[in-house]
Structure formats: structure tokens, C-alpha cells
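This report concerns only the one structure given below.
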Amino acid sequence: MTVPSNSEFGMVGLGLRREMLDELLTQIPKQIDFMEVAPENWLKLGGRFAKQFKSLTDTSNFVCHGLSLSIGSPEPLDIEFVKALKVFFKAHNVKLFSEHLSYCSGSGHMYDLMPIPFTEAAIAHVVERIKKVQDILEQQIAIENVSYYAAPGQQMSELEFTTEILQQADCKLLLDVNNIYVNSINHGYDAEHFLASLPSQRIAYGHVAGHYNEADDLLVDTHGADVIDPVWQLLDHAYQHHGVFATLLERDFNIPAIAELTKELDIIHQLQAKHAIIQRKESA
């Protein structure tokens with residue numbers, strides 16, 4: 001099964017960071033079809049940054065990727081925060097909201113993305129919370145497969161856990177290709193098998209990013225470096241297995257000039273074009 005190649009927000013995106021504003025306000029490169037922001041970084045921002053941000057959202061396609069919804073937390077959902085997100089999305093014509101399949105709060109904020117135990121009880125808990133968020137927002141959200149470094153209380157595989165949540169919550173998937181690669185090295189599984197086993201029809205869009213090599217068997221998902229060849233190859237396999245889907249480049253620090261980032265966006269465009277041609281030939 002393939003994913004339709006006509007995304008409502010474009011096919012190639014870039015994660016917007018405040019450091020990029022000056023360059024992008026001057027000119028948005030043709031390689032960028034949409035941008036993504038963490039709403040927490042912009043929700044309460046005023047002054048010059050708020051005006052600059054609004055000028056971009058008035059003329060460009062945007063999606064939001066949350067950091068603090070804490071979808072797996074044992075603490076109650078922050079309903080007022082979700083309602084504030086709904087207002088923000090409407091004000092900036094945000095096309096889609098995604099969050100991490102993790103949690104970042106308990107009795108206090110942990111300021112990190114913690115792994116949810118891969119258990120039936122956790123599935124039921126997370127599914128209920130996703131449904132509640134979707135009811136408030138009145139739209140489907142996407143959940144991102146995350147990088148993790150420990151699996152406490154594991155009763156099933158990451159793949160089983162993820163696919164069950166997608167199905168039971170009837171939500172979309174933000175397919176992070178780099179996270180699959182990082183986890184495959186750290187936890188010793190076959191990245192392409194994991195990738196191919198995900199449900200094509202659930203994919204909303206994808207992420208690619210760089211990471212840090214702590215050791216041969218320990219990679220850290222940092223978004224602070226160029227995308228490496230094995231991750232590009234995995235994205236190539238993703239398009240082969242699932243069809244061409246919208247894909248966004250993340251870069252959170254060590255941010256080079258936009259001209260450098262567009263070189264990586266060009267690679268996404270090239271891979272998408274390659275598979276679009278292949279799929280047209282196969283359907284002819």
C-alpha cells in the first residue's frame with residue numbers, strides 16, 4: 001500500500017528555528033514547501049518575534065510538532081494547554097499537529113523525552129489520552145516513533161506497541177527515519193524490517209535528522225549534525241515500501257546557513273522524484 005504523494009502542506013519541509021528567521025524572512029528557498037515549529041516556543045511569544053512568525057505563517061504552510069503534551073504521563077492531561085493549542089493552530093493556519101510517543105512529566109517536568117513502557121496497560125492509557133486530545137482539537141493528530149535508550153517493563157516490541165496505538169487511537173504516524181536507525185543500532189534490530197512493518201496508510205509525514213555517535217553501539221538523537229548516508233538509504237527504503245510521503249529535515253543546533261541546509265533538502269527532493277517515477281511506471 002502506498003501513501004498519496006499530494007500532501008496538503010507540501011512534500012519537503014524544514015524545521016524552523018529562531019536562528020533561521022532573518023534568512024527566511026528575506027527569502028524562502030524554493031526547496032521548502034512547508035515548515036514545522038514546536039508550538040511551545042511560539043505560543044506566548046510577543047513583540048518582534050511574534051510579528052515575524054505571523055508574517056511567515058500568513059504566506060507559508062506550517063505544521064506543529066509538540067514537546068510537552070506528555071502523552072504517556074501518569075499525570076492528568078493539561079486540558080487548558082490543548083485548548084490554547086487549538087486557538088494557536090487556527091490563528092496560524094497550522095495544517096497538522098504531532099507529538100512524541102513518550103512523556104516528559106510526572107510529579108514535575110523532566111525536560112526530556114522518556115520512554116513509555118511497552119505494555120498493554122500503557123497502550124490503553126495512551127490511546128485514551130490521544131483520543132481526548134483529538135476530540136478537543138477536532139482533528140486527528142500524528143504520533144512520532146521516538147528514539148529511546150532503555151525499555152523499562154517491556155512486554156512487547158516497540159513495533160507492536162506503536163502499531164497498536166496507531167490503530168486503537170485512530171491517529172496518524174509521524175515517521176521519524178533517523179529514530180528508527182538510531183534505535184536499530186542501540187537495540188539491535190533490523191531497521192528496514194521495522195520500517196516496512198509500519199502501516200502505510202497512517203503516515204502523515206516523515207522526519208530525517210542527524211545524530212551523535214557516542215560509541216559503536218550507542219547513537220544519540222541530537223538533530224545537531226548532517227544526515228548520514230545510512231539514514232538517507234533508509235529514507236529511500238521508506239519511499240520504496242510506503243510510497244512518497246512529505247518529509248521534513250530537522251536541525252536543532254550547530255545550525256548552518258540556509259544554503260547548506262537546502263543541500264539536504266535537495267536530497268529529499270531527489271529521492272522523492274526517483275520514487276515518483278518508479279511508482280508511475282509500476283502503475284502504468
Side-chain angles (χ1 to χ4, degrees), residues 1 3-4 6-10 13 34-45 57 61-110 113-146 156 158-176 179 198-207 245-246 248:
M1 184 178 293
V3 177
N6 54 334
S7 165
E8 67 171 304
F9 41 84
F34 70 102
M35 287 178 271
E36 176 194 83
V37 293
E40 294 87 344
N41 293 338
W42 302 89
L43 197 58
K44 297 181 180 179
L45 205 62
T57 63
N61 290 322
F62 271 81
V63 297
C64 278
H65 185 44
L67 298 171
S68 62
L69 187 60
S70 201
I71 203 68
S73 173
E75 293 296 300
L77 270 173
D78 187 341
I79 300 299
E80 293 307 311
F81 171 63
V82 180
K83 290 179 178 178
L85 288 178
K86 187 175 183 178
V87 174
F88 179 80
F89 298 160
K90 186 174 181 180
H92 295 285
N93 193 27
V94 169
K95 306 292 186 180
L96 180 72
F97 174 58
S98 64
E99 249 290 359
H100 302 81
L101 187 53
S102 62
Y103 69 101
C104 57
S105 62
S107 55
H109 206 291
M110 299 173 189
L113 298 172
M114 307 299 291
I116 302 170
F118 299 153
T119 66
E120 292 287 352
I123 289 174
H125 178 68
V126 170
V127 165
E128 180 185 5
R129 289 162 71 88
I130 292 174
K131 286 182 175 180
K132 188 175 292 187
V133 171
Q134 292 184 144
D135 285 346
I136 296 170
L137 294 178
E138 299 182 275
Q139 65 183 64
Q140 277 184 308
I141 68 171
I143 295 297
E144 181 190 56
N145 58 292
V146 296
M156 64 185 73
E158 176 194 355
L159 180 61
E160 292 169 319
F161 181 75
T162 303
T163 53
E164 273 299 306
I165 287 175
L166 292 171
Q167 180 177 343
Q168 291 186 32
D170 190 22
C171 63
K172 294 292 188 178
L173 171 66
L174 168 48
L175 197 167
D176 192 305
N179 286 350
L198 291 169
S200 300
Q201 71 276 12
R202 294 285 175 186
I203 299 171
Y205 70 113
H207 274 174
F245 50 85
L248 179 133

I would like to know whether Glu120 and Met156 meet side chain to side chain contact (heavy atoms under 4.5 Å, CB included); could you show each step before the answer?
CA-CA 9 Å; Glu120 292 287 352; Met156 64 185 73; 3.7 Å; yes

To the nearest 0.5 Å, atom CD of Glu144 lies from atom CD of Glu99 at 9.0 Å

Just by distance, do the side chain of Arg202 and the backbone of Thr163 share a donor-acceptor pair under 3.5 Å?
no

Should Val133 and Ile71 count as side-chain neighbours, where that means a heavy-atom distance under 4.5 Å?
yes

Interatomic distance, NZ@Lys172 vs CD@Gln139, rounded to 0.5 Å, equals 12.0 Å

Return each pair, listed once, that meets salt bridge (Lys or Arg N to Asp or Glu O under 4.0 Å) where at least one residue sits in residues 34-44; pairs must be two or more places apart or across chains.
none

Provide the closest heavy-atom pair for His207 versus Leu174 in the form atom of the first, atom of the second, distance.
CE1-CD2, 3.5 Å

With sequence neighbours left out, what residues match Gln167 under side-chain contact (heavy atoms from CB on, under 4.5 Å)?
Glu164

If every non-hydrogen atom of Phe9 is compared with every non-hydrogen atom of Ala204, which pair is closest and at what distance?
CZ-O, 4.0 Å

I need the minimum non-hydrogen distance between Phe245 and Leu175, along with the two atoms involved.
CZ-CD1, 4.4 Å

Mind checking whether Leu69 and Val82 have side chains closer than 4.5 Å, heavy atoms only?
yes

Any side-chain heavy-atom pair from Val63 and Phe97 closer than 4.5 angstrom?
no

Pairs where residues 81-95 contributes a residue and the test salt bridge (Lys or Arg N to Asp or Glu O under 4.0 Å) is met, not counting sequence neighbours
Glu80-Lys83, Lys86-Glu138

In Å, rounded to the nearest 0.5 Å, how long is the span from CG of Leu248 to OH of Tyr205?
6.5 Å

Distance-only, no hydrogens or angles: does the Gln134 side chain make a donor-acceptor pair with backbone N or O of Ala169 under 3.5 Å?
yes

Which heavy atom of Leu173 sits nearest to which heavy atom of Ile143, and what is that distance?
CD1-O, 3.3 Å

Please round to the nearest 0.5 Å and tell me the distance separating atom OG of Ser73 and atom NE2 of His125.
6.0 Å

Where the side chain of Gln140 meets the backbone of Leu96, is there a donor-acceptor pair that is under 3.5 Å apart?
no

So, Asn145 side chain and Asp176 main chain: donor-acceptor pair closer than 3.5 Å or not?
yes

Identified side chain to side chain contact (heavy atoms under 4.5 Å, CB included) counterpart of Ile136 within the set Leu85, Leu77, Ile79:
Ile79

Leu101 and Ile116: which non-hydrogen atoms are nearest, and at how many Å?
C-CD1, 3.7 Å

Between SG of Cys64 and CZ of Phe88, what distance do you get to the nearest 0.5 Å?
5.0 Å

Would you say the side chain of Phe161 lies within less than 4.5 Å of the side chain of Ile123, judging by non-hydrogen atoms?
yes

Are Ile141 and Ser98 close enough that some pair of their side-chain heavy atoms sits under 4.5 Å apart?
no

Using atom types as modelled and distance alone, determine if a side-chain donor or acceptor of His100 lies under 3.5 Å from a backbone N or O of Gly66.
yes

Minimal non-hydrogen separation, Ala38 against Leu67, with atom names
CB-CD1, 3.6 Å

